[in-house]
2 protein chains.
Amino acid sequence: MKPEPAYQVLRQRLRDEIAAGAYPDGVRLPTESELVAEHGLSRQTVRRAFQDLVAEGVVYRVPGRGTYANRGYLRQLGSIEDLMSLSEDTTMEVLQGLSRRVDVTAASRLRLDHDVVYTVVFRRLHDRRAGAKRPGESDRRAGAKRPGESDRRAGAKRPGESGRRAGAQRPGEMNGVPFVVTTVHLPESVARLVSDSAELADNAVGTNTVIGVLEPHLDQPIAEAAQSITVAPADELVAAALGCPPEHPMLRVDRLYSDTTGTPVELSVSHFLPEQYTYRVTLRRSS
Amino acid sequence: MKPEPAYQVLRQRLRDEIAAGAYPDGVRLPTESELVAEHGLSRQTVRRAFQDLVAEGVVYRVPGRGTYANRGYLRQLGSIEDLMSLSEDTTMEVLQGLSRRVDVTAASRLRLDHDVVYTVVFRRLHDRRAGAKRPGESDRRAGAKRPGESDRRAGAKRPGESGRRAGAQRPGEMNGVPFVVTTVHLPESVARLVSDSAELADNAVGTNTVIGVLEPHLDQPIAEAAQSITVAPADELVAAALGCPPEHPMLRVDRLYSDTTGTPVELSVSHFLPEQYTYRVTLRRSS
DNA sequence: CGTTATTTGTGCGTATGTATT
DNA sequence: AAATACATACGCACAAATAAC
């Protein structure tokens, strides 16, 4: 099947032990030699595992003294939990339900050896409920021009949608302001797990995240999300769904979610309206 | 004097070549064997250099095909240390030295009860030297990590076909490529501490960060940096300093640094050229 | 269509140097 | 001074992915 590399296995094992509190404040982790003896590995393999843990910020090493766990390994306020909590005050509207596609770029970024992915496209709207949390103050400064608001909400894209799906939406009202269009790509093995889920079907409306729908079905939990953030112009689909002019500069956020074994599980490409959304992270000192 | 490790030297050399545009879109980097032959190193040493570059997000590798440079200048900014390490391979050019200003917006964001701030404006350029790093502290960031690798196009550009000849860089930019303009605002109490520093004077050039210049003078160390990232058009100052058209969409990153008591110490507003810079951060699960 | 060559991925063994206790 | 433990570096072997033939 898929023989996990030995250094990955060891890395995960050490990570688990540290998380379980096996190595409190001043307690030295096993030395390289001890791990070699215990697991029957070579010293190079053990070293590779430790190098990765150092890069990850989980441990630090002192020559001649030993390896120690970094206490308070949080240093990252912008965590995956924050991404999931997006569902708490926004609404998701599926524009194109989960379906099979051929996409070389997405497939290779998911590290697949073929070109088939399963894709779902949706937009997200700020909720208009009273008492909802502040969706994010806009940075108002001179010179920032708003995109064309003339035809707000290109409803033409999804005709005859209102009606069923009675959950929590008040028909006849503007339920919120769309601020992002997201395209999610899944490998087939993952897509199978949620292919029956109504949350990802065409025209579905709800307050969840793909990752939230996905995770209960996975063997391994999501452990990491690598993000890259840049600027990209709006294409036709994005412009229509958000009611901004085509070519409008958007904040583009790509996220590659991986599980604890490092296997990519989901690739999402989001285009945010910069007038309505600002990406926020707080960085902390590791020490 | 401690000699720089061989894999660090090679890593820096490759990083410089990539920044200099030696490996455009579909061009493969030298293989491990080629580098072994060229530098007289062992394959493991070459591999270590590549692993670090992968972890850094500078290159991606495909088994059986080769190693390729990632488009633009990718950079992992997951901690405050990462922000400070910008000084290691970029150059800062002061455009407007530290001087007193009245700026209501900046002052209020620094939580001041008046309107006076001290401001310095500079741009940053990709470095081109084959520089020796000082033996200050041990280098974190080792080993490789699977999840990332943001881009992977299957651009099968045959070498030998001309199209665009190598080079393709702006003529007359021998000292580096500018990629960001930053405006830093300081409260008066903080500005006093560095008002004599030559590093922040008009037309100063150096390889440091404002935060790096600042911190030794502070009572409390910097503990936190709250960032917000959005899109903003280039104003005249930015356009002139970076050589892009005015109104060009830029990646705007605001950072508010605070010390351990929560007191704001520095506000920086940066405009990055999205063509040359992608903001990258990896989120992890806390527990 | 399989075969082969190239290139990266994984793993092992060894040797030497350096920092700490 | 000696033992311990990490840091760097060389060597080799085989597996897996890719591309060219």
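The chains referred to below are lettered A, B, ... by the order of the sequence lines, with proteins before strands, and numbering in each begins at 1.
B/L214 places a side-chain heavy atom less than 4.5 Å from the side chain of B/V265.
Ring centers of A/H185 and A/Y118: at least 6.0 Å apart, outside the cut-off.
Regarding B/Y60, its OH atom lies at a distance of 15 Å from the C1' atom of C/dT7, rounded to whole Å. Going from atom CG of A/L112 over to atom P of D/dT18 covers 11 Å, rounded to whole Å. Atom OH in B/Y68 sits about 11 Å away from atom C1' in C/dT6, given to the nearest Å. What separates CZ of A/R111 from P of D/dT18 is a distance of 11 Å, to the nearest Å.
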Filtered N/O pairs between nucleotides 4-8 of chain D and protein, under 3.5 Å:
{"from": "D/dA5", "atom 1": "OP1", "to": "A/R28", "atom 2": "NH1", "distance (Å)": "3.2"}
{"from": "D/dC6", "atom 1": "OP1", "to": "A/T67", "atom 2": "OG1", "distance (Å)": "3.4"}
{"from": "D/dC6", "atom 1": "OP2", "to": "A/E32", "atom 2": "N", "distance (Å)": "3.2"}
{"from": "D/dA7", "atom 1": "OP2", "to": "A/R47", "atom 2": "NH1", "distance (Å)": "3.4"}
{"from": "D/dA7", "atom 1": "OP2", "to": "A/R61", "atom 2": "NH1", "distance (Å)": "3.1"}
{"from": "D/dA7", "atom 1": "N7", "to": "A/R43", "atom 2": "NH2", "distance (Å)": "3.1"}
{"from": "D/dA7", "atom 1": "N6", "to": "A/R43", "atom 2": "NH1", "distance (Å)": "3.4"}
{"from": "D/dT8", "atom 1": "OP1", "to": "B/Y7", "atom 2": "OH", "distance (Å)": "3.0"}
{"from": "D/dT8", "atom 1": "OP2", "to": "B/Y7", "atom 2": "OH", "distance (Å)": "3.1"}

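A cation-pi arrangement is absent between A/R61 and A/Y68 under the rule of less than 6.0 angstrom and at most 45 degrees off the ring axis.
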**Report entry** salt bridge (Lys or Arg N to Asp or Glu O under 4.0 Å) evaluation trace for B/E56 with B/R11
**Finding:** CA-CA 11 Å; B/E56 215 182 323; B/R11 174 189 177 195; 3.2 Å; yes
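With the 3.5 Å cutoff on both pairing distances, Watson-Crick and G-U pairs in DNA chain D assemble into runs of at least 3 at C:2-21 with D:2-21.
Checking side-chain atoms of A/E188 against main-chain N and O of A/V117 turns up no donor-acceptor pair under 3.5 Å. Between the A/E34 side chain and the A/T31 main chain, a donor and an acceptor come within less than 3.5 Å of each other.
Side-chain contact check for B/Q227 and A/Y279: no donor-acceptor pair (N or O, by modelled atom type) lies under 3.5 Å.
In this structure, the separation between CG on B/D219 and OG1 on B/T261 is 9.5 Å, given to the nearest 0.5 Å.
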